[in-house]
Amino acid sequence: THSSRPQRLLRAVQKGAVRGDARSVVANIDRFCHHSEWAMNIGDEKGAILDSVVSEVNPALALELGTYCGYSTVRIARLLPPGGRLITLEFNPEYAAVARQVIEWAGLEDSVQLVEGGSGDWIPQLKEHFGVQSFDFVFLDHWKERYLPDIHLLEECELLRKGTVVLADNVVCPGAPDYLAYVRNSPAYQSSYFQSHLEYTKAVDGLEKSVYLGTTDA
Ligand SMILES: O=c1[nH]cnc2c(O)c(F)c(-c3ccc(F)cc3)cc12
Ligand SMILES: [Mg+2]
């Protein structure tokens with residue numbers, strides 16, 4: 001009946017962070033991961049790059065694939081403009097349960113909608129279920145094998161518009177070579193790489209930022 005790592009991470013937030021203070025939730029998760037247990041949050045170094053891209057896009061509507069414990073969910077949601085919304089998809093129910101509580105501790109539950117389920121099943125339902133047209137910003141941080149099929153699915157479901165920014169974590173470690181080859185070679189994207197380090201370690205990792213240019217169809 002031992003706790004899980006996500007549950008220990010949540011306890012660290014509830015113990016150390018100020019309720020309603022998103023910055024302190026982020027700081028306490030980073031402290032926990034630096035000093036107690038590594039966890040696969042984007043972390044402070046790559047998180048600063050995420051913050052700068054989100055601030056530049058200033059999305060009214062954002063999508064995150066892969067919530068985990070809600071660390072990047074909080075980083076993104078705290079930067080949304082008034083009325084801005086973030087939809088985040090998580091496959092693992094245990095992660096989702098922890099993430100809901102982390103998001104609530106940060107006081108961001110009103111601008112975040114967490115959906116439990118697989119991205120492959122949910123992406124085709126987002127328009128009718130949430131009444132969304134297209135996303136201004138998409139963050140890929142779920143599973144490297146899903147990056148390529150899911151960006152194709154987002155295109156097919158017309159959930160991207162000219163100028164939508166797609167940011168992908170872990171393009172080096174664990175790596176998503178097929179995804180990188182696609183966004184870097186497709187005329188539909190203007191792609192750029194931000195070198196950084198794997199969260200809480202010295203290993204190299206990076207983020208790929210890809211701006212959707214739309215299709216050449218008439
Ligand atoms: O599966 C993942 N989904 C989303 N993000 C991840 C991540 O940021 C990681 F560092 C890692 C990771 C896990 C173990 C390692 F040894 C290295 C990276 C995995 C994921
Ligand atoms: Mg990641």
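Residue indices begin at 1 and follow the sequence shown.
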Carefully, step by step, assess Leu198 and Val204 under the rule side chain to side chain contact (heavy atoms under 4.5 Å, CB included).
-> CA-CA 6 Å; Leu198 182 68; Val204 169; over 6 Å; no
Would you kindly confirm whether Ile42 and Val166 end up in one hydrophobic cluster when ILVMFWY residues are joined by side chain heavy atoms under 4.5 Å apart?
-> no
Value rounded to 0.5 Å, distance of SG in Cys157 from NE2 in His152 = 13.0 Å
Acceptor/donor pairs from residues 123-136 side chains to any protein atom, 3.5 angstrom cut, sequence neighbours excluded:
unit_1 : atom_1 : unit_2 : atom_2 : d
Gln125 : NE2    : Asp121 : O      : 3.1
Lys127 : NZ     : Gln133 : O      : 3.4
Lys127 : NZ     : Glu158 : O      : 3.0
Asp136 : OD1    : Arg161 : NE     : 3.3
Asp136 : OD1    : Arg161 : NH2    : 2.8
Asp136 : OD2    : Ala60  : N      : 3.1
Asp136 : OD2    : Leu61  : N      : 2.9

Output for pair (Leu180 CG, Ser191 OG), nearest 0.5 Å, gives 7.5 Å
Looking only at non-hydrogen atoms, find the nearest pair between Ala77 and Leu108 and report the distance.
-> CB-CD1, 3.9 Å
State yes or no: do Val112 and Leu80 share one hydrophobic cluster built from I, L, V, M, F, W and Y residues joined by side-chain heavy-atom distances below 4.5 Å, directly or via other members?
-> yes
Here the pair of heavy atoms bringing Val53 nearest to Phe137 is CG1-CE1, 3.8 Å
Test side chain to side chain contact (heavy atoms under 4.5 Å, CB included) on Thr164 and Val211 and set out the steps.
-> CA-CA 6 Å; Thr164 295; Val211 183; over 6 Å; no
Does the side chain of Tyr212 come within less than 4.5 Å of Glu155's, by heavy atoms?
-> yes
On a heavy-atom basis, the closest approach of Leu207 and Leu50 is CD1-N, 4.2 Å
Side chains of Leu167 and Leu140: does their closest heavy-atom pair fall under 4.5 Å?
-> no
Over all heavy atoms of both residues, which pair between Tyr193 and Asp205 is shortest? Give the atoms and the distance, please.
-> OH-O, 3.7 Å
Under a 4.5 Å cut-off applied to non-hydrogen side-chain atoms, are Ser196 and Ile49 in contact?
-> yes
Working to the nearest 0.5 Å, report the span between CG of Leu9 and OG of Ser36.
-> 9.5 Å
So if you build clusters from Ile, Leu, Val, Met, Phe, Trp, Tyr with side-chain heavy-atom gaps below 4.5 Å, do Ile103 and Leu65 land together?
-> no
Side chain to side chain contact (heavy atoms under 4.5 Å, CB included) between Phe139 and Val54: does it pass, once the steps are laid out?
-> CA-CA 10 Å; Phe139 181 47; Val54 173; over 6 Å; no
If you measure from CD on Glu104 to CD on Gln14, what distance do you get to the nearest 0.5 Å?
-> 10.0 Å
Pairwise distance CH2(Trp122) to CD1(Ile87) - rounded to 0.5 angstrom = 9.5 Å
Check whether any side-chain heavy atom of Trp105 sits under 4.5 Å from a side-chain heavy atom of Leu10, and report yes or no.
-> no
Of the non-hydrogen atoms in Leu114 and Ala99, which two are nearest, and what is the gap between them?
-> CD1-CB, 3.7 Å
Residue pair Ser210, Gln190: steps toward the side chain to side chain donor-acceptor pair (under 3.5 Å) verdict = CA-CA 5 Å; Ser210 308; Gln190 178 57 46; over 6 Å; no
Residues pairing under salt bridge (Lys or Arg N to Asp or Glu O under 4.0 Å) where one sits in residues 142-151, two or more places apart or in two chains, turn out to be Arg146-Asp150
Does any non-hydrogen side-chain atom of Glu199 lie less than 4.5 Å from one of Cys33?
-> no
Should Tyr71 and Val102 be marked as a side chain to side chain contact (heavy atoms under 4.5 Å, CB included) after you check the CA-CA gap, both sets of side-chain angles, and the distance that decides it?
-> CA-CA 8 Å; Tyr71 175 90; Val102 167; over 6 Å; no
Quick one: which residue pairs count as a salt bridge (Lys or Arg N to Asp or Glu O under 4.0 Å) with a foot in residues 106-116, not counting sequence neighbours?
-> Arg100-Glu116
Arg184: partners by salt bridge (Lys or Arg N to Asp or Glu O under 4.0 Å), with sequence neighbours left out = Glu208
Determine yes or no for a side-chain-to-main-chain donor-acceptor pair under 3.5 angstrom, with Asn41 supplying the side chain and Gly43 the backbone.
-> no
Has Tyr200 got more than 12 heavy atoms of other residues, nucleotides or ligands less than 6.0 Å from its OH?
-> yes
Which pair of heavy atoms, one from Ser119 and one from Leu153, lies closest together, and at what distance?
-> O-CD2, 4.3 Å
Determine whether Asp169 and Lys46 make a side-chain contact, defined as any pair of heavy atoms from C-beta on separated by less than 4.5 Å.
-> yes
Out of curiosity, Arg5 CZ to Met40 CE, how far, rounded to the nearest 0.5 Å?
-> 10.0 Å
Is the shortest heavy-atom distance from the side chain of Arg8 to the side chain of Glu37 under 4.5 Å?
-> yes
Which pairs, with at least one residue in residues 154-179 and sequence neighbours excluded, count as a ring pair (Phe, Tyr, Trp, His ring centres under 6.0 Å)?
-> Tyr147-Tyr179
Do Asp44 and His34 come within less than 4.5 Å of each other through their side chains, counting heavy atoms only?
-> yes
Please work out whether the ring planes of Tyr189 and Tyr182 are parallel, tilted or perpendicular, with thresholds of 30° and 60°.
-> perpendicular
May I ask whether Phe194 and Val171 are part of the same hydrophobic cluster, defined by side-chain heavy atoms of I, L, V, M, F, W, Y residues being less than 4.5 angstrom apart, directly or through others?
-> no
Within residues 49-70 or reaching into it, pairs that qualify as side-chain hydrogen bond (donor to acceptor under 3.5 Å, both in side chains) - sequence neighbours excluded = Asp51-Arg75, Asp51-Arg78, Glu56-Lys209, Glu64-Ser72, Glu64-Thr73, Glu64-Thr88, Thr67-Thr88
Verify same cluster id: Leu148, Val138 (apolar side-chain graph, 4.5 Å) = yes
